[in-house]
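Numbers here simply count residues along the sequence, with the first being 1.
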Amino acid sequence: MCFTVDICRVCRAEGTPDKPLYFPCICTGSIKYIHQECLLQWLKHSKKEYCELCNHRFTFKPIYAPDMPPHLPVRDFISGLSRSILRAVRYWFHYTLVAIAWLGVVPITAYRIYRCLFAGSVSSLLTLPLDMLSTENVFMDCVRGCFVVACTLCAFISLVWLREQIVLNGGPDWLEPNMDPLPQLPANLFGGPQGVNVGAGGGVFGGADVMGDIEDPGDQENMEEEDADPPDEAELPENAANNGEADDVNWNPVEWDRAAEELTWERMLGLDGSLVFLEHVFWVVSLNTSFILVFAFCPFHIGQFAVILFSVEEAVQSSRFEGVITTVLGYIILAASLVICHTVSSFFSFKRARRIFGLCYVVVKVSLLMVVEIGLFPLVCGWWLDICSLALFGATLKERVQSIGSAPGTAMFLHWLVGMVYVFYFASFVLLLREVLRPGVLWFLRNLNDPDFHPVQEMIRLPVHRHARRFLLSLVVFGTTVLLMMYLPVSLIKAFVPSFLPYNVQLSSEAPVSELSLELLLLQVVLPALLEQGHTRQWLKNLIKGWAVTAAYILDLRSYLIGDVPLDGLVNNAPVNLNVNPDQNGAELQGPQAQLIPQPQAAHNPDGAVFGFQPYIRPKMFVFKIVLLVIFMCMSLSFASFVILTVPVGVGRAVMCLWMGSLAVHELYTAACGLYLIWLVCRTFAVIMSWVPLGVIGIAKKLGHWMLLGLKCVLIAVVLIGVVPLLLGLLFELIVVVPLRVPLDQTPLYFPWQDWALGVLHMKIICAVTMMGPNWWLKAILEQVYNDGIRNINTVLILRRLAVPVVVCLLLAVTVPYVIANGIIPIFISSADTVVFCQRRIYPFLLAVFMLIGCFMFQGRQFKMLYERIKNDKYLVGQRLVNYENHRRSIGTTTSRPKDDKN
């Protein structure tokens with residue numbers, strides 16, 4: 001007879017009286033049993049509290065000392081409570097000190113030093129210690145100081161990251177290789193031996209070229225030849241490599257990595273309970289002062305000296321941005337001075353000085369280029385858009401100039417923001433074009449998805465005249481596009497439909513309820529529904545493809561424009577002669593009917609994007625057809641913009657007129673309404689067209705299925721989007737609005753439409769907070785509804801587990817106080833004023849009562865946990881693993897399991 005011996009699943013040993021076997025989970029068979037010591041070691045290693053196979057949470061039973069009394073003595077409880085209070089007070093004082101240091105001392109010190117340096121007087125330097133201790137305007141100085149600290153830290157991180165880029169990827173050829181021209185940064189910059197490790201992957205200057213993806217034709221030349229040019233076209237002596245020189249200061253990033261391993265955010269900020277952060281505060285203040293002095297004070301005063309020297313003070317002051325212009329001018333003068341110093345150092349063979357001046361020039365050059373590409377270019381695009389669209393809004397250039405005079409900062413920021421949005425959508429449209437057209441058609445536009453595109457490296461390597469040429473080309477392309485898509489369509493609308501303009505962009509103060517409701521409807525319903533749909537992008541892509549096919553058919557440019565024409569048959573069957581065309585970068589195959597232009601083949605990356613070039617057939621009169629293609633493209637862009645500016649707004653105006661009468665509505669709402677209706681029509685037409693191959697019976701089945709699904713959605717929408725927001729908005733008005741805004745001697749008026757609009761916003765906030773919060777029944781049901789989607793919507797589940805509980809709770813919250821205030825209180829109180837007071841204040845009063853009860857329950861749980869912790873600290877001697885059957889028998893049900901954690 002064969003007997004089976006129970007063994008531990010971990011150590012494979014049998015159980016003994018000293019080390020018995022337990023079965024703490026649902027697992028059966030050979031893995032059912034385990035030693036408690038083995039389980040504790042595995043839990044410590046895996047950092048989990050449940051079985052990885054059956055997901056059952058392990059349970060341990062506490063073992064107390066034999067002399068433990070049945071109830072914890074009062075003296076022990078008071079002693080433990082005192083220790084907890086003292087520990088909490090100590091942490092409170094420490095974290096208060098941390099907050100005062102980082103949120104008070106550092107920003108206030110930074111701003112007041114900044115203000116002292118730019119005051120321009122000796123008295124400000126003498127009174128600086130007293131200004132540091134002053135309590136006047138503390139809050140505003142703190143807010144401004146936070147901005148100063150953020151700028152200095154960003155400048156420091158950018159400087160270190162830029163140096164990493166030069167060290168790892170190399171700099172210009174005129175800068176010596178294997179060098180370290182930056183002064184050695186102190187290893188104890190943030191206190192002691194620690195340092196900061198800033199990797200090459202996470203910097204401030206990363207990302208695409210914001211100025212535009214315009215490819216300079218000169219960029220097709222060899223980059224190394226122009227890299228050998230001196231900075232800013234200055235003739236510098238030929239570079240002499242000095243590999244292995246004794247005076248090279250080589251920076252070892254490994255030492256920084258080791259220092260960064262010891263420094264954590266908790267230790268640096270003081271959240272670990274130590275006082276080492278005070279040293280870090282000192283170094284941060286010193287860093288702020290140094291960067292303010294080097295990167296703000298010196299360039300500003302250099303620019304100010306140049307402004308005075310050239311007698312242009314009035315022109316600079318009239319710009320309303322005197323500080324920015326003066327500082328940028330100072331940086332330009334610094335860059336020119338560094339070029340001269342680099343040239344002199346190279347002439348006299350001062351190797352160390354030449355390296356330092358060269359790298360400083362690169363830093364200033366990259367900084368100015370970033371200002372131009374991220375700041376100036378979008379600003380110019382925004383202003384050009386505004387100028388070209390003045391007739392669209394019935395404005396004049398004089399009004400725009402007056403708006404700058406009244407609020408120059410706001411006007412510049414808004415135009416910069418509009419320009420950034422325009423550049424972003426232009427780049428997105430170009431990426432969509434690349435998915436349709438033949439690789440190589442858009443050779444003059446930068447491919448932002450190209451893995452070989454490194455804008456920061458190009459800023460470092462290419463000379464300034466190349467960047468200036470790119471900037472001008474970008475202005476021409478972007479400016480021409482604005483003319484075609486804004487100025488020309490607006491002029492056509494003004495000429496042919498003069499009554500259509502101008503757009504109404506002013507809110508109607510006579511109907512705030514309607515404006516508020518429309519705004520919330522736009523922001524919470526219309527725009528999210530349009531942006532979350534992937535069909536719009538695919539429709540636009542198909543439209544571009546249809547335009548390209550049409551243009552290629554008319555102009556016989558299908559091989560050039562789309563690239564789907566086979567080339568092998570033409571080359572093999574036609575007499576082809578190979579000759580070199582001096583106008584092309586390669587050979588040209590000439591045949592009787594067409595020319596085959598061989599170019600570098602297209603390359604694919606793992607994501608499926610296509611880069612490089614693809615060969616194409618060059619037809620006769622190629623240049624003339626390209627000119628016709630450009631004209632056709634310009635006409636198409638203008639016509640598309642004309643349709644976009646008129647059709648959605650016209651449809652939206654008609655709908656709003658039927659809905660709201662003759663009341664003027666903001667054109668943002670009419671355009672959104674028109675776009676949404678057009679999208680619905682197009683989406684419905686596309687769905688019906690996809691059903692055509694199914695036949696009459698299939699279409700009937702689909703219609704029946706979608707009608708049933710539509711009825712389900714309407715039913716759920718009436719409850720969740722109609723009733724629930726209405727109750728939420730009404731409850732908010734009863735709790736907050738009426739007690740605060742309506743006096744007791746006046747009768748409150750309720751607007752259901754406004755309450756519903758506010759309830760939509762409140763419901764969206766509550767859903768977002770619930771999804772980000774802990775796990776409970778509302779979050780679980782919301783996640784299930786979201787995962788099921790509209791196609792698999794479960795009406796019974798939503799109504800039974802979500803709609804009914806929420807609606808019942810809200811109805812009770814609205815009706816119970818009303819019944820108490822209007823039905824019960826008048827029985828016991830005869831004073832009318834008191835009854836009215838109770839009716840107005842009962843909602844916030846009951847809310848305060850429930851919040852107080854919740855606080856008491858929370859504190860009760862906390863005291864219970866404190867009681868258990870004190871008892872465990874004094875009398876707990878160990879824990880014993882609980883078997884699964886004993887645990888189930890003791891609690892009557894199985895322990896709840898966590899979600900699956902699949903490895």
Side-chain angles (χ1 to χ4, degrees), residues 208-216 315 318-321 324-325 328 368-431 433 442 444-446 448 467-495 501-503 505 630-631 633-646 649 667-668 671:
D209 190 354
V210 179
M211 186 179 69
D213 19 348
I214 306 302
E215 177 71 39
D216 187 356
S318 62
S319 65
R320 301 297 183 91
F321 296 95
V324 176
I325 295 176
V328 171
L368 290 175
L369 289 176
M370 294 298 294
V371 171
V372 170
E373 295 187 357
I374 296 181
L376 181 60
F377 185 80
L379 183 62
V380 173
C381 291
W383 275 111
W384 185 235
L385 271 168
D386 192 6
I387 293 173
C388 292
S389 63
L390 287 175
L392 188 67
F393 304 105
T396 60
L397 189 60
K398 183 179 180 180
E399 294 177 357
R400 290 292 184 264
V401 174
Q402 291 177 353
S403 67
I404 298 177
S406 59
T410 303
M412 288 297 177
F413 174 75
L414 291 178
H415 286 83
W416 174 85
L417 184 62
V418 171
M420 285 294 291
V421 172
Y422 166 63
V423 171
F424 170 76
Y425 280 106
F426 185 91
S428 302
F429 183 74
V430 170
L431 293 177
L433 283 177
L442 303 177
F444 54 92
L445 295 177
R446 285 280 177 177
L448 303 181
H467 291 287
R469 188 162 56 185
R470 282 186 184 179
F471 181 77
L472 295 177
L473 288 174
S474 301
L475 286 179
V476 171
V477 173
F478 280 73
T480 305
T481 306
V482 172
L483 284 175
L484 293 173
M485 299 191 67
M486 186 59 66
Y487 181 77
L488 184 59
V490 171
S491 301
L492 293 176
I493 296 173
K494 193 174 181 180
L501 296 179
Y503 280 2
V505 293
V630 173
I631 295 174
M633 179 192 66
C634 296
M635 295 173 59
S636 302
L637 287 176
S638 299
F639 176 75
S641 180
F642 179 86
V643 172
I644 293 173
L645 291 174
T646 55
V649 174
E667 299 297 351
L668 179 64

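For the atom pair NE2 of His467 and OG of Ser474, the computed distance is 11.5 Å after rounding to the nearest 0.5 Å. Taken to the nearest 0.5 Å, the CG atom of Leu431 stands 10.0 Å off from the CG atom of Leu442. Rounding to the nearest 0.5 Å places CZ of Phe639 at 15.5 Å from SG of Cys634. Rounding to the nearest 0.5 Å places CD1 of Ile374 at 10.5 Å from CG of Leu369. A distance of 6.5 Å separates CG in Leu484 from OG1 in Thr480, rounded to the nearest 0.5 Å. Atoms OH and CH2, from Tyr487 and Trp384 in turn, are 8.5 Å apart once rounded to the nearest 0.5 Å.
Taking each heavy atom of Gly405 and Pro408 in turn, the nearest pair found is O-CD, 4.1 Å. Summarising the geometry of Ser403 relative to Ala411, their closest heavy-atom pair is O-CB, 4.4 Å, with the distance given to 0.1 Å. The two residues Leu501 and Ala391 make their nearest non-hydrogen contact at CD1-O, 4.1 Å. Considering every non-hydrogen atom in both Val482 and Cys388, the closest pair reads CG1-SG, 3.8 Å. Nearest approach of Pro502 to Gly394, heavy atoms of both residues: CB-N, 3.4 Å. For the pair Val380 and Leu475, the tightest heavy-atom approach, listed with the atom from each and the gap, is CG1-CD2, 3.8 Å.
Side chains of Leu488 and Phe642 form no contact here, defined as non-hydrogen atoms less than 4.5 Å apart. For the pair Glu399/Thr396, a side-chain contact is recorded, criterion being any heavy-atom separation below 4.5 Å from C-beta on. In this structure, the side chains of Tyr422 and Thr481 come closer than 4.5 Å at one or more pairs of heavy atoms. The shortest side-chain heavy-atom distance between Met485 and Ile644 does not fall under the 4.5 Å cut-off.
With Tyr503 contributing its side chain and Val649 its backbone, the two residues share no donor-acceptor pair below 3.5 Å. Panel note: side chain Ser389, backbone Leu385; a donor-acceptor pair is recorded below 3.5 Å. At distances below 3.5 Å, not a single donor-acceptor pair connects side-chain atoms of Arg400 with backbone N or O atoms of Asp386. In terms of modelled atom types and a separation under 3.5 Å, the side chain of Thr410 and the main chain of Ala407 share no donor-acceptor contact.
The aromatic rings of Trp383 and His415 lie parallel to each other, with less than 30° between the two planes, well short of the 60° mark.
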Kindly determine whether Val423 and Phe478 satisfy side-chain contact (heavy atoms from CB on, under 4.5 Å), including the steps that lead there.
CA-CA 8 Å; Val423 171; Phe478 280 73; 4.0 Å; yes

Could you go through Val371 and Leu376, starting from their C-alpha distance and side-chain angles, then the distance that decides it, and tell me whether this counts as side-chain contact (heavy atoms from CB on, under 4.5 Å)?
CA-CA 7 Å; Val371 171; Leu376 181 60; 5.8 Å; no

Report the C-alpha separation of Met412 and Phe321 in whole Å, then their side-chain angles, then the decisive distance to 0.1 Å, and conclude whether the side-chain contact (heavy atoms from CB on, under 4.5 Å) test is met.
CA-CA 10 Å; Met412 288 297 177; Phe321 296 95; 3.1 Å; yes

Go through it in stages, so that I can follow the logic: the residues are Leu473 and Phe444, the test is side-chain contact (heavy atoms from CB on, under 4.5 Å), and I'd like the CA-CA distance, side-chain angles, deciding distance and then a yes or no.
CA-CA 10 Å; Leu473 288 174; Phe444 54 92; over 6 Å; no

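Within a 6.0 Å radius of CE in Met635, no more than 12 heavy atoms belonging to other residues, nucleotides or ligands are found.
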